Amino acid sequence: MKNKTPFSYRIEEIGSCSKMNQKIKWEIGFTKKLPKDYHPGKVGRTIIDPSRNDTYLLKEEIGSYSNGCCRVYRALYSEYMEDTAKLVDSGNVTLKVINRKIHESDCLELQRRIDASIEDRSYYTTIGIKKAFATEDLSCVSLPYMSQGSLRHILSTRQDKRLPEEFIAIVIKKVLAALRDEVHNGLLPRAHKTLSAGDIFIHTTTGQMLIRLAYEASVYDSEKINVEEDIEEDSNEEEAGSSSSAFLSPKRIANWGAAPEVFGRENDEGVGPKSDIWLLGIMALELAYGELPVSTREDLDRLIKKLRKERRFPRSLKNMLIVNNREVTFKKAMNLFKRKEEVFSEMFEIMVRKCLAKKPKKRPTAAQLLDSYTTSFTQKDMERFERFVLNAENNPVPTTN
């Protein structure tokens, strides 16, 4: 018989999740509307896995998912040992938490993603799930803790939002390996569907840096999100970029930047490994330029069409979207006599153009891209990339010399 005594003081101290959520329901009048300050769990509280008696102490909010309905925390995981009836601290994990009584549809979507996910393995490049469990009111998913968050989040903290090409090569190769070996593999290859810089997570420990790809249930926004602003942002995007000052949100790039055979469809028709390869090309542009200066899908299509025709990729994408007039056309004609500036390597540009082929059958597989994108990186490159990730004002990225 299990001795559950060690948990009695914890339950008394933090209060049950059901009581906390009853209070929330009373405050919002039993409606489905999400309060501005709603949290399904709060920092300092402990969530108990009732099936195993393991505990998760919420230490820090590190992100969210599903427009803020699902909150994401760094949690201290303690495993319950039956033989000693004690809890053993087992390090930090990432814990996704959602109230399934208030957010039924979002919870069902999370469960679908859990079912489609892979189990986590330390040697995988893809982030799998460690455990999934439910309390009386909450659905929870435990994931490996990735200390530095997503690559998009890391770049958002830098003055120059772009990633140097030698670092892009490291990221692209890691992502391609994950797609080839863990997502697109098997007799019935799966699709990632949301591939972007927001799905690439980085973890640093002493003398080691891990780059892993979030997939299905392990996907989340690696930053705190204001729910009301996020909903407003979605409505603005539906107006096809009516705001003259804002570009389409990078957080929704998998939607507005989807492959031609997928864009605008309400179901998964057309979704597959080749639509992932298109998103890989979009992601490469996002990393190289920091932001895609497009306000509508038409802008993106026009931009990609021009990139396919250009001899070399430009330093900036904004000028490519200027409406042609006599002055611009004259300047363009004069530029034909000038040697194009080499901003990126030819190998990088060829890779991006292959990914952004209009017809899916003309796009290569992840395995073919790994074979053809032969740029290599050394341990020194990895160390420089780690310095970039950990960079602060007083800790500049070292030079290549």
Side-chain angles (χ1 to χ4, degrees), residues 165 168-169 171-173 175-176 179-180 183-184 189-199 237-238 240-241 247-250 252-324 332 336 340 343-375:
E165 186 183 340
I168 295 177
V171 172
I172 292 293
K173 286 210 159 190
V175 171
L176 285 172
L179 293 177
R180 180 194 63 185
V183 181
H184 295 172
R190 296 163 291 182
H192 187 283
K193 302 179 184 179
T194 65
L195 184 62
S196 73
D199 296 333
E237 287 173 16
E238 290 176 2
F247 299 129
L248 293 178
S249 170
R252 305 289 176 263
I253 199 169
N255 295 328
W256 58 259
E261 68 273 15
V262 175
F263 179 72
R265 296 184 183 275
E266 295 183 358
N267 52 35
D268 283 346
E269 184 181 352
V271 173
K274 292 301 182 74
S275 61
D276 283 348
I277 296 300
W278 171 280
L279 287 176
L280 182 75
I282 297 293
M283 182 188 75
L285 292 178
E286 180 187 2
L287 296 178
Y289 289 101
E291 183 178 42
L292 299 187
V294 296
S295 299
T296 64
R297 173 66 187 212
E298 289 72 22
D299 283 349
L300 178 66
D301 290 339
R302 188 150 49 96
L303 183 66
I304 292 173
K305 188 176 181 180
K306 288 187 175 184
L307 286 174
R308 292 188 188 121
K309 294 180 179 180
E310 285 288 316
R311 288 183 293 169
R312 302 308 303 262
F313 284 8
R315 184 170 296 278
S316 171
L317 295 177
K318 292 181 180 180
N319 292 338
M320 298 186 75
L321 292 173
I322 296 175
V323 178
N324 282 338
K332 184 176 180 180
L336 292 177
K340 290 289 184 179
V343 181
F344 304 102
S345 69
E346 188 175 6
M347 184 178 297
F348 174 78
E349 295 177 359
I350 290 173
M351 184 273 295
V352 172
R353 288 191 180 100
K354 285 181 178 180
C355 292
L356 297 179
K358 188 173 183 179
K359 295 183 179 180
K361 64 181 181 181
K362 291 189 176 181
R363 296 174 212 147
T365 64
Q368 289 170 336
L369 279 173
L370 270 174
D371 291 339
S372 60
Y373 190 45
T374 56
T375 182

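Quick caveat, the model's predicted, so the values are computed rather than measured. No hydrogens, no waters, no symmetry mates; every other heavy atom, side chains included, goes into these values.
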Within the structure provided, determine whether [X] and [Y] are in side-chain contact (heavy-atom separation under 4.5 Å).
X: D371; Y: P364; value: no
X: P314; Y: L307; value: yes
X: F247; Y: D299; value: no
X: K318; Y: Y289; value: no
X: I253; Y: E286; value: yes
X: L287; Y: V171; value: yes
X: I277; Y: K354; value: no
X: D199; Y: V175; value: no

Test applied, salt bridge (charged side-chain N to carboxylate O under 4.0 Å, His left out); reference residue, E261; option that passes from K361, R363, K362:
R363

What heavy-atom pair brings [X] and [Y] nearest, and what distance separates the two atoms?
X: G257; Y: R297; answer: C-NH1, 3.5 Å
X: R312; Y: F344; answer: NH2-O, 2.7 Å
X: W256; Y: S249; answer: NE1-O, 2.7 Å
X: P273; Y: A191; answer: N-CB, 4.4 Å
X: F263; Y: N255; answer: CD1-O, 3.4 Å
X: K193; Y: V271; answer: CG-CG1, 3.7 Å

Atom [atom1] in [X], atom [atom2] in [Y]: separation rounded to 0.5 Å?
X: L370; Y: R180; atom1: CG; atom2: CZ; value: 5.0 Å
X: S196; Y: I282; atom1: OG; atom2: CD1; value: 11.0 Å
X: C355; Y: K274; atom1: SG; atom2: NZ; value: 10.5 Å
X: L303; Y: L356; atom1: CG; atom2: CG; value: 9.5 Å
X: D276; Y: L176; atom1: CG; atom2: CG; value: 11.0 Å

Just one of L300, I304, L248 clears the side chain to side chain contact (heavy atoms under 4.5 Å, CB included) bar with L292, so which one?
L300

Only one of M347, R353, M351 clears side chain to side chain contact (heavy atoms under 4.5 Å, CB included) with E349; which?
R353

Kindly determine whether M283 and L285 satisfy side chain to side chain contact (heavy atoms under 4.5 Å, CB included), including the steps that lead there.
CA-CA 5 Å; M283 182 188 75; L285 292 178; over 6 Å; no

Electrostatic pair D301:K305 at N-O distance under 4.0 angstrom
no

